[in-house]
Amino acid sequence: MSDSEPASLAELRRRVARARQGGSAAAHETFAAAGKRFARDRVAALLDPGSFVENGLLARTMDEGLAADGVVCGMGTIGGRPVCVVANDFTVKAGTWGRQTIRKIYRQQEEAERSRCPIVYLVDSAGARLDEQFDLFVDRQHAGRIFLTQCRMSGRIPQICVLLGSSPAGAAYMPAFCDAVIMVDGHASAYLGSPRMVQMATREEVTSEDMGGARMHCGVSGLGDHLAADEDAALVAVRRYLEYLPQHWETPVPPAEPRAPWPGPPLSTVVPEAQNTAFDMRKVLDGLFDEGSVFQHRQLFAPELITAFARLEGRAVGVLANQPMRKGGVLTGDSSDKGAQFVSLCNAYGLPLLFLCDVPGFMVGSAVERAGIIRHGAKFLQALADCSVPRICVVLRKAYGAGYLAMSGASFGADATIALPQAKLAIMGPEAAVNAIHYRRIAAIADEEERAAYVAARREEYMADLDVFRAASEAYLDAVVSADDLRAELALRLRHYTGRELGAPRRRTSVVRG
């Protein structure tokens, strides 16, 4: 400090330096030893260099050990696009929320809402401070306001949560209200009750990882959408998501330079003729969409249904595809929830939807009925009915029962329904249908070989009746194309839909049985 520097400026410099320091040196050392970045370093790694402008830096600088009250908030850019960011500072009282923490987070949400730009939450917090609960829990402007604001911003501006550490109790709802949740393997956790609390309440002994770790949430509960190997990979995933999301719901997704698909075998050799031969749907995606553009959403959860962002000649689209390599591509309660969320996400932000259908229907059995598969399936169908973005259904091989509806078949309002030459559309597959139609006759045949021959003949007759050209001749299908011509067909149709005004059913809201 020079002799001529005003005392007020010197005090400002001191307070700013103290606030930017975060927690104690010991807290920083412990944090770094766990393989984690300091909150301000995370923000710097996420945003374009030199673009960050901070709000509320000096909050609670008069309180020893509460630098910026444990949260870094502000604005910056990612790839030149304005964003808002909220980052918990775990070196300050374990990133817990105090009275000013909540005001700062809510203030940044307001800024994102006014600026109509995405907001990214970098979450690493031990929850609310119980010693300050009177000042942060019960009033209109207290912690619940953050979640209310998230709900109100939903579908209007993109909200992305990166779970870099813990998010317990009520704070666990912050990721739940976001459009995309990225979790760092081995570090992220979210649960309403900690293992210690659960042990006290129910006597169940469980580890933090099993209770609410990243792999559990990404593969079992469905709270996590993307499992990242480390913090660097998590921040890369944020940028990938933003490539497919607009600034806000009334702006288009920025286009990209068109690319040819991955070089590989012709799609006509990838999709088998035989209805029950498994194949990897990911190879179809690689052969259809621009090279390197396929980005899966919820890859580990309910993998029998693939949900992914992709680009077709540079245009961003949402893709839902049955995966025959997993449970034969059958739809379950979890995959129904997954499909409903992805359809709603794409519809909210104006991405056209492409359905690649190879579905034997919905899972059956007493266990899934008890688990509410009808209710989950209805949620998926309701999301489709509420959809206003263009939808194209492509039947690759089979489309049976209500699975055809869930994959946006013609009767559920698709803008176009296309089929490959080997496609079969029916209420049910040949095995179940023949058994239902000829049950008594089959049961009356005592000889096993004779019975098997009879069943095989009836199945062959049934399949012949499902000839795709018969459906096309009745104009039930808009087109039958070869797999090798499918990319060009889809590109031309999507080009036609570009610029179409998107409307929604006139009503207050749909009622979904959750």
N/O donor-acceptor pair under 3.5 Å between Asp89 side chain and Thr91 backbone
yes
Can you check whether Gly74's main-chain N or O pairs, donor with acceptor, with Glu54's side chain at less than 3.5 Å?
no
Going by the ring pair (Phe, Tyr, Trp, His ring centres under 6.0 Å) test, which pairs reach into residues 32-79, not counting sequence neighbours?
His28-Phe38
Which label fits His226 and Phe295: parallel for a plane angle under 30°, tilted from 30 to 60°, or perpendicular past 60°?
tilted
Using the six-membered ring wherever Trp is involved, compare the ring planes of Phe147 and Phe177 and label them parallel, tilted or perpendicular (cut-offs 30° and 60°).
tilted
For Arg259, give me all partners under salt bridge (Lys or Arg N to Asp or Glu O under 4.0 Å), at least two apart in sequence or on another chain.
none
For Ala310, side chain to side chain contact (heavy atoms under 4.5 Å, CB included) partners two or more places apart:
Phe289, Ser293, Val294, Val317, Val319
pair Leu192-Tyr173: side-chain heavy atoms closer than 4.5 Å
yes
Got Gln109 and Tyr121 here, is their nearest side-chain heavy-atom distance under 4.5 Å?
yes
Do other residues, nucleotides or ligands put more than 12 heavy atoms under 6.0 Å from [X] [atom1]?
X      : atom1 : value
Arg215 : CZ    : no
Glu205 : CD    : no
Arg282 : CZ    : no

Quick one: is the NZ or CZ of Lys338 closer than 6.0 Å to the six-membered ring centre of Phe301, and within 45° of its axis?
no
Are Glu304 and Thr332 close enough that a side-chain donor and a side-chain acceptor fall under 3.5 Å?
yes
